[in-house]
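For reference, positions follow the sequence shown, starting with 1.
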Amino acid sequence: MSCNLRPAIVLLSGGLDSTTCLAMARQLAFAPLFTLAFDYGQRHGNELIAAAEISIAFGAAQHKVIAINLRQFGQSALTADLQVPKDRRPSDMTSDIPITYVPARNTIFLSYALAWAEVLEITDVFIGVNAVDYSGYPDCRPDFIKAFEQMANLATRMSISGRRPFIVHAPLLYLTKAQIIRRGAELGVDYALTRSCYDPAPDGLACGRCDSCTLRKAGFDAAGLTDPTRYA
């Protein structure tokens with residue numbers, strides 16, 4: 001374990017990946033940890049409840065929920081009245097950019113994290129994007145993370161004033177879903193707290209058929225672990 005002993009902001013959606021990312025930041029000795037979630041007009045609030053509970057469980061110094069209305073733009077099954085794709089094969093998920101992609105979401109989220117980082121004088125931000133087992137989103141690619149980091153170091157007072165460079169940490173980037181789950185299990189993540197489903201039932205049960213549920217179930221199977229999610 002390295003001993004950074006410096007603070008960090010972790011983007012926390014309440015899902016499997018971001019929670020594992022939070023656990024990895026803690027394991028890497030970043031402290032204190034600040035968590036950031038977004039009420040962006042998504043289909044359900046289950047993930048925001050989960051993010052708050054997870055933040056408490058990890059002893060975050062502060063948890064913020066930023067309200068932004070991406071529903072006013074629409075064009076995503078997560079922010080508009082469009083049908084969430086179901087029962088797709090993994091090969092189908094990477095053949096094109098799916099309708100569950102929210103335009104510019106990670107760019108917006110990281111920009112808010114950058115603004116908060118400047119206020120807190122923090123130079124490290126963690127995001128749980130993944131470029132292996134994911135749904136083909138363009139803002140989950142290594143090139144995007146690198147480009148945002150470069151932009152941040154050109155656009156902020158703290159970076160041009162001679163302090164440490166701003167760093168976007170994406171520790172899950174090249175891990176499979178099974179590797180992410182195994183790593184989280186090693187770090188003691190309680191995956192029963194996490195929510196992954198794009199289209200849960202009114203009672204909160206995961207649909208078990210959307211891309212996110214499919215990837216989650218396959219990941220737990222490949223990891224040889226039991227998925228604690230309650231499926232419809």
Side-chain angles (χ1 to χ4, degrees), residues 1-38 47 50-51 54-55 57-64 94 105-114 116-117 120 122-153 159 164-191 193-196 212 215-216 218-220 222-223 225 227:
M1 177 186 296
S2 61
C3 294
N4 294 289
L5 296 178
R6 65 178 190 253
I9 293 173
V10 181
L11 295 180
L12 183 64
S13 70
L16 183 156
D17 290 346
S18 67
T19 304
T20 305
C21 188
L22 176 60
M24 293 175 74
R26 183 176 65 177
Q27 189 268 341
L28 291 169
F30 281 90
L33 293 172
F34 298 82
T35 53
L36 187 60
F38 294 87
E47 62 185 37
I54 292 162
S55 179
F58 276 82
Q62 189 174 0
H63 176 66
K64 280 187 178 292
T94 55
R105 182 175 59 178
N106 284 342
T107 303
I108 294 168
F109 289 0
L110 281 171
S111 296
Y112 272 90
L114 179 59
W116 196 21
L120 296 175
I122 289 175
T123 56
D124 297 272
V125 169
F126 282 77
I127 183 170
V129 294
N130 175 257
V132 180
D133 287 341
Y134 75 122
S135 294
Y137 299 158
D139 54 1
C140 288
R141 297 175 301 145
D143 288 349
F144 165 74
I145 297 300
K146 181 180 179 181
F148 187 93
E149 184 178 270
Q150 291 174 336
M151 179 278 297
N153 280 294
S159 59
R164 295 192 311 270
F166 183 81
I167 302 172
V168 180
H169 301 267
L172 312 184
L173 202 53
Y174 298 107
L175 301 181
T176 66
K177 190 67 72 178
Q179 289 172 329
I180 292 169
I181 292 167
R182 289 193 196 102
R183 187 71 180 123
E186 291 169 358
L187 297 175
V189 173
D190 181 2
Y191 283 119
L193 293 175
T194 65
R195 300 290 181 270
S196 298
S212 188
L215 290 170
R216 180 181 177 117
F220 272 98
L225 297 173
D227 181 1

Q: Looking only at heavy atoms, which two atoms of Ser55 and Thr35 are closest? And how far apart?
A: OG-OG1, 2.9 Å

Q: For this output row, return yes or no: ring centroids of His63 and Phe34 closer than 6.0 angstrom.
A: no

Q: Less than 4.5 Å apart, side chain to side chain, heavy atoms only: is that true for Phe38 and Leu11?
A: yes

Q: Hey, what do you get for CG (Leu114) to OG1 (Thr123), rounding to the nearest 0.5 Å?
A: 11.0 Å

Q: Which atom names give the shortest non-hydrogen contact between Ala8 and Ile122, and what distance separates them?
A: CA-CG2, 3.9 Å

Q: Partners of Phe166 by ring-ring contact (aromatic ring centres under 6.0 Å, His included), sequence neighbours excluded?
A: none

Q: Quick check for you: to the nearest 0.5 Å, what is the distance between Phe126 atom CZ and Ser18 atom OG?
A: 13.5 Å

Q: Given the rule in the side chain to side chain contact (heavy atoms under 4.5 Å, CB included) test, do Val125 and Ile167 qualify, once you have shown the distances and angles that lead to the verdict?
A: CA-CA 6 Å; Val125 169; Ile167 302 172; over 6 Å; no

Q: Taking it one step at a time, do Arg6 and Asp124 satisfy side chain to side chain contact (heavy atoms under 4.5 Å, CB included)?
A: CA-CA 8 Å; Arg6 65 178 190 253; Asp124 297 272; 2.6 Å; yes

Q: For Arg182, what residues pass the side chain to side chain donor-acceptor pair (under 3.5 Å) criterion, not counting sequence neighbours?
A: none

Q: Give, for atom CD of Glu186 and atom OG1 of Thr20, the distance between the pair rounded to the nearest 0.5 Å.
A: 11.0 Å

Q: Do Tyr191 and Ile181 have side chains that get closer than 4.5 Å, going by heavy atoms?
A: yes

Q: So, are Glu149 and Lys146 salt-bridged, with charged N and O less than 4.0 Å apart?
A: no

Q: What are the two closest heavy atoms between Asp17 and Leu172, and how far apart are they?
A: O-CD1, 3.1 Å

Q: Would you say the side chain of Ile54 lies within less than 4.5 Å of the side chain of Leu12, judging by non-hydrogen atoms?
A: yes

Q: Any side-chain heavy atom of Met24 sitting closer than 4.5 Å to one from Arg183?
A: yes

Q: What is the minimum heavy-atom distance between Ala57 and Leu193, and which atoms define it?
A: CB-CD1, 4.1 Å

Q: I need the minimum non-hydrogen distance between Lys177 and Leu215, along with the two atoms involved.
A: CG-O, 3.6 Å

Q: For Gly15, does its backbone N or O pair with a side-chain atom of Thr19 as donor and acceptor, under 3.5 Å?
A: yes

Q: Within a strict 4.5 Å, meaning less than it, do heavy atoms of the Cys140 and Asn106 side chains meet?
A: yes

Q: When rounded to the nearest 0.5 angstrom, what distance separates CG in Leu175 from CD1 in Ile180?
A: 5.5 Å

Q: At what distance, to the nearest 0.5 angstrom, does CZ of Arg216 lie from OG of Ser196?
A: 4.0 Å

Q: Are the side chains of Arg105 and Tyr137 in contact, using a 4.5 Å heavy-atom criterion?
A: yes

Q: Quick one: are Ile9 and Trp116 in side-chain contact, heavy atoms under 4.5 Å?
A: yes

Q: Can you list the steps and then say if Val10 with Leu36 is a side chain to side chain contact (heavy atoms under 4.5 Å, CB included)?
A: CA-CA 6 Å; Val10 181; Leu36 187 60; over 6 Å; no

Q: Spell out, as yes or no, whether a donor-acceptor pair under 3.5 Å connects the side chain of Asn153 to the backbone of Ser159.
A: no

Q: Any side-chain heavy atom of Leu110 within less than 4.5 Å of one from Phe144?
A: yes

Q: Can you give me the closest heavy-atom contact between Gln179 and Tyr174, atom names plus distance?
A: OE1-O, 4.1 Å

Q: Can you tell me how far apart CG (Leu28) and CG (Leu187) are? Round to the nearest 0.5 Å.
A: 9.0 Å

